[in-house]
Amino acid sequence: MDFLMSGLAACGACVFTNPLEVVKTRMQLQGELKAPGTYQRHYRNVFHAFITIGKVDGLAALQKGLAPALIYQFLMNGIRLGTYGLAEAGGYLHTAEGTHSPARSAAAGAMAGVMGAYLGSPIYMVKTHLQAQAASEIAVGHQYKHQIFPPQSWKLALVAAMVSGIAVVLAMAPFDVACTRLYNQPTNAQGKGLMYRGILDALLQTARTEGIFGMYKGIGASYFRLGPHTILSLFFWDQLRSLYYTYAK
């Protein structure tokens, strides 16, 4: 569960921070191995880079490389935090006397970090290539012409559905937990619930007694249900629209 939770959390954050990763990549490649003042600065600062990329490449370019970035975050953070969590749960971070060992914690953290970085490195390379792609007038660094999915590809629809599934689960899990508990609570003779007065009361009671993670119980099962459901729904919708427009013409 540690692997899944940490991986999903990192993916959720990545959706919002990926535009900054695009800007960072472009600014780091700008003026590569050139003396200051000998090259054209397409990106003067982070804010100017945002505006320039959005204006020249389009707003969608600020999410370039999102698919490999999500895979990278899931692999790196899932392995890194998950491995560390396993070491902690197994008692490897404590001495024989039961006291916490900073040295063992540092070693476990370093090992987990190395594993995550090593396995995620190939995906990071693909992400960097895609994020560096730009229109010729603002291009920096070497321009690889990778294209993960061709336009209108069903694979693109699948990836988009997977990303949206993560966002939906993170946003809706607390309400889903409250909904399940409201439906399942015992009732009196008049059919009135005996545990919760309504959805807000269910959310507050859950958070107060079980903590914030209590509101995300079953999130793994929710994603593995919602993920395929969203993927298949959008996939069938996309394919049916494609067939309709093809034969309608």
Side-chain angles (χ1 to χ4, degrees), residues 1-21 59-60 62-63 66-91 93 112 116 156-241:
M1 194 60 180
D2 281 333
F3 288 93
L4 179 63
M5 291 289 287
S6 55
L8 286 177
C11 286
C14 181
V15 173
F16 298 97
T17 61
N18 190 62
L20 284 168
E21 189 75 12
L59 291 177
L62 290 167
Q63 284 290 12
L66 180 60
L70 289 170
I71 297 171
Y72 171 74
Q73 288 295 332
F74 190 87
L75 281 175
M76 187 187 69
N77 288 292
I79 292 171
R80 185 174 61 182
L81 299 179
T83 302
Y84 187 86
L86 287 177
E88 186 177 31
L93 307 186
L156 183 61
L158 290 182
V159 171
M162 290 173 68
V163 174
S164 65
I166 292 171
V168 170
V169 167
L170 290 174
M172 295 302 298
F175 301 99
D176 195 30
V177 169
C179 180
T180 299
R181 295 186 175 188
L182 282 167
Y183 279 128
N184 194 59
Q185 69 176 322
T187 58
N188 59 20
Q190 288 74 41
K192 185 177 181 181
L194 299 176
M195 296 178 67
Y196 311 107
R197 294 190 299 273
I199 188 168
L200 290 178
D201 183 51
L203 289 169
L204 288 172
Q205 286 198 57
T206 300
R208 191 179 299 125
T209 57
E210 301 175 50
I212 189 68
F213 290 110
M215 301 172 69
Y216 284 90
K217 284 185 174 179
I219 188 172
S222 293
Y223 179 73
F224 287 119
R225 184 205 70 81
L226 181 63
H229 178 82
T230 306
I231 290 169
L232 291 172
S233 295
L234 291 182
F235 170 66
F236 291 141
W237 178 58
D238 187 65
Q239 294 304 301
L240 287 171
R241 283 200 313 164

Colleague: Only counting residues at least two apart or in another chain, list the ones meeting salt bridge (Lys or Arg N to Asp or Glu O under 4.0 Å) with Glu88.
Modeller: none
Colleague: Before you tell me yes or no, could you show the steps for Leu170 and Ile219 under side-chain contact (heavy atoms from CB on, under 4.5 Å), namely the whole-Å CA-CA distance, both residues' side-chain angles and the distance that decides it to 0.1 Å?
Modeller: CA-CA 8 Å; Leu170 290 174; Ile219 188 172; 4.0 Å; yes
Colleague: Say you draw a straight line from CG of Leu66 to CD of Gln73; how long is it, rounded to the nearest 0.5 Å?
Modeller: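 Leu66 atom CG to Gln73 atom CD measures 10.5 Å (nearest 0.5 Å).
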Colleague: Rounded at 0.5 Å granularity, tell me how far CD1 in Ile212 sits from OG1 in Thr206.
Modeller: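 So the CD1 of Ile212 and the OG1 of Thr206 are separated by 10.5 Å.
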Colleague: Which atom pair, heavy atoms only, marks the closest approach of Phe16 to Gly12?
Modeller: CD1-O, 3.2 Å
Colleague: Might you point out which heavy atoms bring Val177 and Gly214 nearest each other, and give the distance in Å?
Modeller: CG1-O, 4.1 Å
Colleague: Is any side-chain heavy atom of Gln205 closer than 4.5 Å to one of Arg181?
Modeller: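 Contact flag for Arg181/Gln205 side chains = no.
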Colleague: Under 3.5 Å, which donor-acceptor pairs do the side chains of residues 188-200 form with other protein atoms, sequence neighbours left out?
Modeller:
unit_1: Asn188; atom_1: OD1; unit_2: Gln190; atom_2: N; d: 2.9
unit_1: Asn188; atom_1: OD1; unit_2: Gly191; atom_2: N; d: 3.0
unit_1: Asn188; atom_1: OD1; unit_2: Lys192; atom_2: N; d: 2.8

Colleague: Working to the nearest 0.5 Å, report the span between NZ of Lys217 and OG1 of Thr180.
Modeller: 12.0 Å
Colleague: Near Leu20 CG, under 6.0 Å, is it more than 12 heavy atoms from other residues, nucleotides or ligands?
Modeller: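 Result for CG/Leu20: enclosed.
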Colleague: What are the two closest non-hydrogen atoms of Leu203 and Pro174, and how far apart are they?
Modeller: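 So the minimum-distance heavy-atom pair works out to CD2-O, 3.4 Å.
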Colleague: How many angstroms lie between SG in Cys14 and CZ in Phe74, if you round to the nearest 0.5 Å?
Modeller: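 One gets 13.0 Å once the value is rounded to the nearest 0.5 Å.
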Colleague: On a heavy-atom basis, which atom in Met215 and which in Ala207 lie closest, and how many Å separate them?
Modeller: SD-CB, 3.5 Å
Colleague: Minimum heavy-atom separation for Thr83 to Ala112, with atom names?
Modeller: CB-CB, 3.9 Å
Colleague: Out of curiosity, Cys11 SG to Asn18 CG, how far, rounded to the nearest 0.5 Å?
Modeller: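 Result: 11.0 Å between the selected atoms.
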